[in-house]
Structure formats: structure tokens, C-alpha cells
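These notes are about the structure you will find just below.
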There are 2 protein chains.
Amino acid sequence: MRPMELKPIAERFVLHWGEMGSRWGVNRTVAQVHALLYLAGRPMDAEEITETLGVARSNVSTSLKELQSWSLVRVVHLKGERRDHFETSADVWELFKLIVAGRRQREIDPTATALRECLANPAIADEEAGTRQRIEDTLKFIEIMSSLADEMLRYKPETLMKTLGVSARISQAIRRKE
Amino acid sequence: MRPMELKPIAERFVLHWGEMGSRWGVNRTVAQVHALLYLAGRPMDAEEITETLGVARSNVSTSLKELQSWSLVRVVHLKGERRDHFETSADVWELFKLIVAGRRQREIDPTATALRECLANPAIADEEAGTRQRIEDTLKFIEIMSSLADEMLRYKPETLMKTLGVSARISQAIRRKE
DNA sequence: CTTTTATTTCTGTTTTTACAGAAAAGTCTG
DNA sequence: CAGACTTTTCTGTAAAAACAGAAATAAAAG
């Protein structure tokens with residue numbers, strides 16, 4: 001099969017996204033695959049992704065599985081095609097919500113659990129009062145931020161902006177583009 | 001010098017924090033050093049940190065420099081002490097704001113710049129209309145989220161909760177602890 | 001059921017990152 | 001400014017992560 005050959009702008013986007021991914025603890029290839037599907041705006045099969053990105057087929061398979069486990073990518077079947085095809089949402093806000101939900105579940109919630117266990121552990125009595133207080137503060141903070149996130153993710157970002165009274169200049173700049 | 005010997009709960013906190021750091025693209029030792037200073041609630045010198053965490057002195061030096069560059073840790077001098085001592089804020093919300101500000105500056109802003117360059121590049125004409133649209137959407141989203149973050153970081157989280165109308169149950173649960 | 005095509009898992013290699021220890025540089029004190 | 005103390009930088013090593021290619025498995029077609 002002929003590689004898709006990314007055009008220069010798309011290539012820059014995909015590479016930058018990969019770079020950002022690795023700074024946030026996401027495998028570079030995983031981020032690239034997602035960026036590619038996002039930009040392509042149509043379902044692609046694993047082989048095409050492989051050749052477009054110039055990475056190993058196995059690598060793409062693993063990345064797609066990971067993206068699916070985060071609900072960022074889903075399988076679709078095209079009529080007359082045997083291969084699985086993969087697509088992602090074109091809605092940035094929806095993608096953001098999925099990412100936040102995923103990280104919360106995989107990282108924030110376990111942290112809150114760990115802190116609760118620390119505070120429930122009898123050994124907490126051996127720690128200084130200040131230490132205990134700071135652990136409590138941290139847990140409280142995480143709980144607040146979690147419910148805040150829940151709340152925020154219900155809105156569209158524009159609504160949020162309004163609610164919080166983001167400065168008129170910025171709001172206008174954004175509205176003008178719509 | 002005698003190592004501080006972390007007590008079990010503090011140790012768990014510090015180790016968990018290090019683990020979380022690495023999942024978010026922060027060096028494990030850097031995260032551990034910060035967690036330790038936070039829990040200790042008093043200035044510590046590099047030697048004490050080294051022995052408490054059981055890592056190399058050089059490693060601590062590098063981590064402290066990094067934390068200082070993020071404004072998360074500052075040097076203080078104790079009277080009668082020659083060594084530099086290091087401390088961090090005990091205010092979780094303040095720490096969070098510093099972290100967000102840092103990541104924004106180091107990662108979000110450059111991404112927005114990159115996207116603007118993509119859109120300003122004449123080569124954008126070679127891309128499909130849909131691709132261009134999605135890059136624009138992404139940039140717009142980043143801009144919105146950035147100003148949203150600016151706005152949010154002005155408040156204390158409790159105020160935010162109220163503004164957004166977080167459910168009474170949760171608010172109460174939080175208020176009760178205060 | 002055999003062949004072809006597609007996908008996943010496994011294994012070894014490469015690359016990157018983290019790290020320790022040593023050396024160097026800097027700082028303070030008397 | 002001599003000596004001791006402190007911090008940073010440098011260099012090689014170790015650990016971890018990413019990755020490619022091969023092998024194995026699974027699915028579909030004829």
C-alpha cells in the first residue's frame with residue numbers, strides 16, 4: 001500500500017502532539033496516532049497509520065489498543081473492507097472530557113484513596129500534627145478539584161467562560177471566530 | 001549527619017507522590033523532594049533531604065534547582081547555619097497555581113504558538129479544509145482553556161465551587177471539615 | 001479445511017532518562 | 001589567603017521505556 005505521506009503542516013501538528021504527549025506522560029506514538037486520526041477526520045486502518053507515521057506495525061497496534069481503552073478511539077467497519085478502521089472524535093471539547101475522565105480514574109482517584117488510607121492508618125498517630133494536617137489538606141484539595149472538574153465538564157467551555165466572567169476582550173476575540 | 005528516617009505514613013506519601021509525578025512527566029526524585037519538603041513543613045538542607053530519601057546528593061541538587069526554577073521551592077537561610085535550606089509552601093492551592101502556571105508557560109503557550117504558525121504558514125493551503133478547521137478548533141480550545149485557567153486561578157477553589165453551584169452535599173461535606 | 005489476510009503478542013534491541021559517584025567550582029571563616 | 005565546608009557540574013552506568021521485527025494467533029474467504 002502507498003503511504004499517505006503527511007503534508008508538511010499535518011506532519012508538524014502530529015510531531016508536536018507526540019512531543020507534548022511525552023511531556024505529560026503519554027507515549028509519543030500513542031499521541032501521534034491520535035493526532036493523526038484527529039487531523040485525518042476519517043477512519044484509517046492500522047496499516048495506513050503505520051506507513052503514514054513510519055513506525056512499526058506492532059507499535060500502532062499497541063497504541064490503538066491503549067487509545068481504545070481510554071475511549072478516545074473506536075473501531076469502525078467500512079463496507080467492502082476487511083480491515084478494522086479507527087476513528088476519533090473531531091470535537092475537541094469531547095476529547096478533552098474523555099482525557100480528563102481517564103486521568104482522573106487512573107491517577108487522581110487512586111491518589112485520593114491512598115491519602116484516605118494514610119489518614120485511616122493507626123500509624124498516623126506517630127506523625128506530627130502538622131504533617132497529618134497537610135495530608136488532610138491535600139486530600140481535601142483533591143476532593144474539591146474532582147467535584148469541580150465534574151461540574152465543569154458538564155458545561156461547554158464557552159458557558160464556563162461566561163459563568164466565570166472571563167474578560168470581554170477575550171470572549172469577543174473568541175466569539176468573532178465562530 | 002543522622003538521616004531523618006521517614007515515618008511510615010510520610011514515606012508512603014512521598015513515594016506515592018514520586019510515582020504520580022512520573023505519570024505526569026515529572027522526574028520521580030523531583031516529585032519526592034517536593035513532597036518531602038511539603039510534609040516536613042520546615043526548611044531542610046540538601047544533605048538531610050539526601051539521607052532521608054536515600055538518593056544521591058547530586059540528584060537532590062539537580063531536583064532542587066528544578067523545583068526552584070518552577071518557583072515551587074525557595075532557599076532560606078537559618079541563623080547560625082551555613083548550609084542552604086529549602087522550603088516550599090504549605091498552601092496546596094498556592095502550589096497548584098504555581099504548577100499550572102509553570103506548565104502553561106512551558107507547554108501550553110508553545111503549543112498555541114506552534115498552532116498559530118501552522119495556520120499562518122502558506123503551506124496550509126495544501127491541506128484539506130477540514131484539517132485546517134480542526135487545527136483552528138484546537139487553537140481556539142487552547143486559548144479558551146488558557147483564559148479560563150487565568151480566571152479560575154484568581155479564586156480560591158471554594159469560591160469556584162460556589163460560583164459553579166457544586167452540589168450542596170459535597171460543599172457541606174467540605175465545609176464541615178474546616 | 002486450506003490459504004490468505006489481518007491482528008496481537010512476544011522477544012530482543014535501541015534509545016532515552018535517571019541516577020550515582022567523582023571532580024570541579026564556589027563560598028565562608030578565621 | 002589557607003583550609004574547611006558546601007554546592008554544582010560532569011561523566012559513566014544502570015534502569016526504564018519505547019520500539020522494530022518475528023512469531024503466533026485469530027479471522028475470513030474460497
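Letters A, B, ... mirror the listed sequences (proteins, then strands); counts begin at 1.
One can place CG of A:Leu53 at 11 Å from P of D:dC19, the figure rounded to the nearest angstrom. Here D:dA29 presents its C1' atom at 16 Å from CD of A:Glu81, a figure rounded to the nearest Å. Rounded to whole angstrom, the span from the CD atom of B:Glu66 across to the C1' atom of C:dC19 amounts to 14 Å. When the P atom of D:dA18 is taken as reference, atom CD of A:Gln32 falls 12 Å away, rounded to whole Å. Rounded to whole Å, the distance from CE on A:Met44 to C1' on C:dA6 is 17 Å. Look at CG on A:Leu78: it is 16 Å from P on D:dA28, rounded to the nearest Å. In this structure, the CD1 atom of B:Ile49 is 17 Å from the C1' atom of C:dC19, given to the nearest Å.
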Original post:
Passes salt bridge (charged side-chain N to carboxylate O under 4.0 Å, His left out), A:Glu127 versus A:Arg134? Steps please.
Top reply: CA-CA 11 Å; A:Glu127 303 285 340; A:Arg134 280 185 290 278; over 6 Å; no
**OP:** Applying side-chain contact (heavy atoms from CB on, under 4.5 Å), run through A:Val30 and A:Thr62 and close with a yes or a no.
**Re:** CA-CA 8 Å; A:Val30 171; A:Thr62 308; over 6 Å; no
Subject >> Evaluation steps, side chain to side chain donor-acceptor pair (under 3.5 Å), between B:Asn121 and B:Glu117 >> reply: CA-CA 6 Å; B:Asn121 188 327; B:Glu117 283 170 15; over 6 Å; no
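Remark: side-chain polar atoms of B:Ser147 are paired, donor with acceptor, to backbone N or O of B:Glu143 under 3.5 angstrom. The main-chain N or O of B:Leu72 is found under 3.5 Å from a side-chain atom of B:Thr88 such that the two form a donor-acceptor pair.
Each of A:Arg28 and B:Val55 lies near DNA chain C, and the nucleotide nearest A:Arg28 is the one positioned closer to the 5' end.
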For nucleotides 2-10 of chain D, tabulate all protein N/O to nucleotide N/O atom pairs closer than 3.5 Å, reporting atom names and distance.
unit_1: D:dT6; atom_1: OP2; unit_2: B:Arg83; atom_2: NH2; d: 3.4
unit_1: D:dT7; atom_1: OP1; unit_2: B:Asp84; atom_2: N; d: 2.6
unit_1: D:dT8; atom_1: OP2; unit_2: B:Ser61; atom_2: OG; d: 3.0
unit_1: D:dT9; atom_1: OP2; unit_2: B:Lys65; atom_2: NZ; d: 3.4

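Between A:Phe141 and B:Trp93, the ring-plane angle classifies as tilted under the 30° and 60° cut-offs.
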